[in-house]
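Accompanying notes for the structure given below.
All residue numbers in this chain count up from 1 along the given sequence.
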Amino acid sequence: MFSIPLFANLSKSVRQYMLVTFNYWNFTITDGALRMLVVLHFYGLGYSSLEIASLFLFYEFFGVVTNLIGGWLGARLGLNKTMNLGLGMQIVALVMLAVPSAMLTIPWVMAAQALSGIAKDLNKMSAKSSIKTLVPDEQQGALYKWIAILTGSKNALKGAGFFVGGLLLSLIGFKYAVLSMAAVLSLVFIGSVLSLEANMGRAKSKPKFSELFSKSESINILSAARMFLFGARDVWFVIALPIYLGSVFGWDHSWVGGFLAIWTIAYGFVQGIAPKITGKAQGKVPDGNAAFKWAAALAIVTAAIAYAVQIDWQPELVIIGGLMLFGAIFAVNSSLHSYLIVSYAKGDGVSLDVGFYYMANAMGRLIGTILSGWVFQMAGLAACLWVSFAFLALTTVISLKLPRLVEAKTA
């Protein structure tokens, strides 16, 4: 196995966790950078905001399909193969965008984005599922901490990727930006192929294709809550908010991109420290009741923001301050969910359950992306926020059905 002497004294599980996280980090930076590159480059070519948003619809749609099928593939083939497949597909997607400008038609870019969407969800599903195989079932506190670190660092680095994308576009242009990212990711891919444990996450019994849909009531409930949670975020964050900041507040694109990047980094930081916020320091691990309470808190905050925007009360202060508060509470909700799905998932063939759950996550993002453009165009930002509140109210009600823990062992 490929190894670095500095880490030779670490346990096998920790080395594998570090490698999975390193793969995930590198992929995530390219994912964030590519999104910013596409938005800025095609805006410069004269595309409207909604036309640019359409370029990402296949990215989101294929995330739904990938998470469902990817979990089945991970259980049958092993998580090392699905993670490496994701890295390889992202390299291909980046190279596809390095063609001459005349060939960068909407269908071609949508195809590349579809490939990137598949790659992203294969990589994410593999990373989150693999931690379940590396942490003993009785160490739920350690599982929560590791999941929070992985999830939080991912979002912080995605925000950093926004900066990287804008910087590369300014310094070397779109073509060489995507090629340079493909070159770096190729090195990561080679290291991953040589180093990841061969049978990580492979189910002892080969699951049938008919087993794609989870039979666990807890996972089905959590997946429904996750779908509405992420739909609630994206219905105002993905398209409506950037357009609003530029058209109403008069911010230029660097201010919009920089603000959203900083927000995403801060959001990731809060995700990483979520165990401390939710009481792990006192020996507590979260359960369904914690998910219910944090979803309710987010719904209340969103309703307050929506009302303030509707009556036009200090809109700049409300939106900027409200977005920060929304992001902090949303980050805790997301981290709680990420822990609960891995905790609920079966140890054998964990990627089936995690894949089904993230399929619901991708479905929520797809619904949110479509509604963000349509509702904003028809009725404005306040309407998007009220739709967000409605989704969060559903998340809260659904979360009432999540199981409560009587006792939980921590590590």
Check: What is the minimum heavy-atom distance between Leu57 and Leu366, and which atoms define it?
Finding: O-CD1, 4.1 Å

Item checked: Test item: Met181 and Leu37 side chains (from C-beta on) under 4.5 Å apart, heavy atoms -> yes

Margin query: Working to the nearest 0.5 angstrom, can you tell me the gap between Leu185 CG and Ile29 CD1?
Written below: 10.0 Å

Checklist line | Steps toward side chain to side chain contact (heavy atoms under 4.5 Å, CB included) verdict (Leu87, Asn84) | finding: CA-CA 5 Å; Leu87 288 168; Asn84 291 335; 4.1 Å; yes

Next item on the list: Apply the test side chain to side chain contact (heavy atoms under 4.5 Å, CB included) to residues Met83 and Leu122: give CA-CA distance (whole Å), side-chain angles for both, the deciding distance (0.1 Å), then the verdict.
Entry: CA-CA 6 Å; Met83 173 163 274; Leu122 279 176; over 6 Å; no

Next item on the list: Kindly check if the number of other-residue, nucleotide or ligand heavy atoms within 6.0 Å of OH (Tyr244) is above 12?
Entry: yes

Item checked: Donor-acceptor contact below 3.5 Å, side chain Ser399 vs main chain Thr395 -> yes

Notebook entry, point to check: Below 4.5 Å, heavy atoms only, C-beta onward: do Phe230 and Ser334 meet side chain to side chain?
Noted result: yes

Checklist line | N/O donor-acceptor pair under 3.5 Å between Asn333 side chain and Trp294 backbone | finding: yes

Check: Just how far is it from atom OG of Ser218 to atom NZ of Lys401, taken to the nearest 0.5 Å?
Finding: 12.0 Å

Notebook entry, point to check: Of all heavy-atom pairs between Asp234 and Thr369, which one has the smallest distance, and what is that distance?
Noted result: CB-N, 4.2 Å

Notebook entry, point to check: Within a strict 4.5 Å, meaning less than it, do heavy atoms of the Met227 and Asn361 side chains meet?
Noted result: no

Checklist line | Spacing of Ile118 atom CD1 and Phe58 atom CZ [to the nearest 0.5 Å] | finding: 10.5 Å

Margin query: My understanding is that only residues two or more places apart in sequence, or in another chain, count here; which of them pass side-chain hydrogen bond (donor to acceptor under 3.5 Å, both in side chains) with Arg365?
Written below: Glu60

Check: Do Thr28 side-chain atoms and Tyr24 backbone N/O form a donor-acceptor pair below 3.5 Å?
Finding: yes

Checklist line | Taking every non-hydrogen atom, the tightest pair across Tyr59 and Lys120 | finding: OH-CE, 3.2 Å

Note to self: Measuring only between side-chain heavy atoms, which start at C-beta, is Val188 closer than 4.5 Å to Asn23?
What the structure shows: yes

Next item on the list: Over all heavy atoms of both residues, which pair between Phe42 and Val109 is shortest? Give the atoms and the distance, please.
Entry: CZ-CG2, 3.3 Å

Notebook entry, point to check: Counting only heavy atoms not in Met363, do more than 12 fall under 6.0 Å of its CE?
Noted result: no

Note to self: For Tyr267 together with Phe326, are the ring centres under 6.0 Å from each other?
What the structure shows: no

Under 3.5 Å, which donor-acceptor pairs link side chains of residues 383-393 to any protein atom two or more places apart or in another chain?
from, atom 1, to, atom 2, distance (Å)
Trp386, NE1, Gln310, OE1, 2.6
Ser388, OG, Ala232, O, 2.7

Check: Does the pair Val235 and Ile367 meet the rule for a side chain to side chain contact (heavy atoms under 4.5 Å, CB included), with working shown?
Finding: CA-CA 8 Å; Val235 73; Ile367 293 169; over 6 Å; no

Margin query: Is the distance between the ring centroids of Phe259 and Trp263 under 6.0 Å?
Written below: no

Check: How far apart are the closest heavy atoms of Ala177 and Leu168, and which atoms are they?
Finding: CB-CB, 3.7 Å

Next item on the list: Quick one: pull up CD1 in Ile219 and CG in Leu340 and give me the separation to the nearest 0.5 Å.
Entry: 10.5 Å

Note to self: Any heavy-atom pair between the side chains of Leu241 and Ile319 that's under 4.5 Å?
What the structure shows: yes

Note to self: Evaluate Leu179 against Leu94 for side chain to side chain contact (heavy atoms under 4.5 Å, CB included), listing each step before the verdict.
What the structure shows: CA-CA 7 Å; Leu179 284 176; Leu94 290 166; over 6 Å; no

Margin query: Using 0.5 Å steps for rounding, measure from the CZ atom of Arg226 to the CD1 atom of Ile398.
Written below: 13.5 Å

Notebook entry, point to check: Taking atom OG1 of Thr264 and atom CG of Leu157, what is their separation to the nearest 0.5 Å?
Noted result: 11.5 Å

Checklist line | Over all atoms of both residues, closest heavy-atom pair of His41 and Leu169 | finding: N-CD2, 4.1 Å

Item checked: Check: Arg233 side chain, Gly327 main-chain N or O, donor-acceptor pair, under 3.5 Å -> no

Margin query: Looking at Ser180 and Tyr176, would you say the former's side chain and the latter's main chain have a donor-acceptor pair under 3.5 Å?
Written below: yes

Notebook entry, point to check: Got more than 12 heavy atoms from elsewhere within 6.0 Å of CZ, Phe174?
Noted result: yes

Notebook entry, point to check: Quick one: does Ser335's side chain have a donor or acceptor within less than 3.5 Å of a partner on Ala331's backbone?
Noted result: no

Margin query: Could you check whether any side-chain heavy atom of Leu229 comes within less than 4.5 Å of a side-chain heavy atom of His337, counting everything from C-beta outward?
Written below: yes

Next item on the list: Side-chain contact test, heavy atoms from C-beta onward, threshold under 4.5 Å: evaluate it for Phe237 versus Leu323 and give yes or no.
Entry: yes

Check: Side chain of Asp31, backbone of Phe27: donor and acceptor closer than 3.5 Å?
Finding: no

Margin query: Quick check: do Gln90 and Asn123 have side-chain heavy atoms less than 4.5 Å from each other?
Written below: no

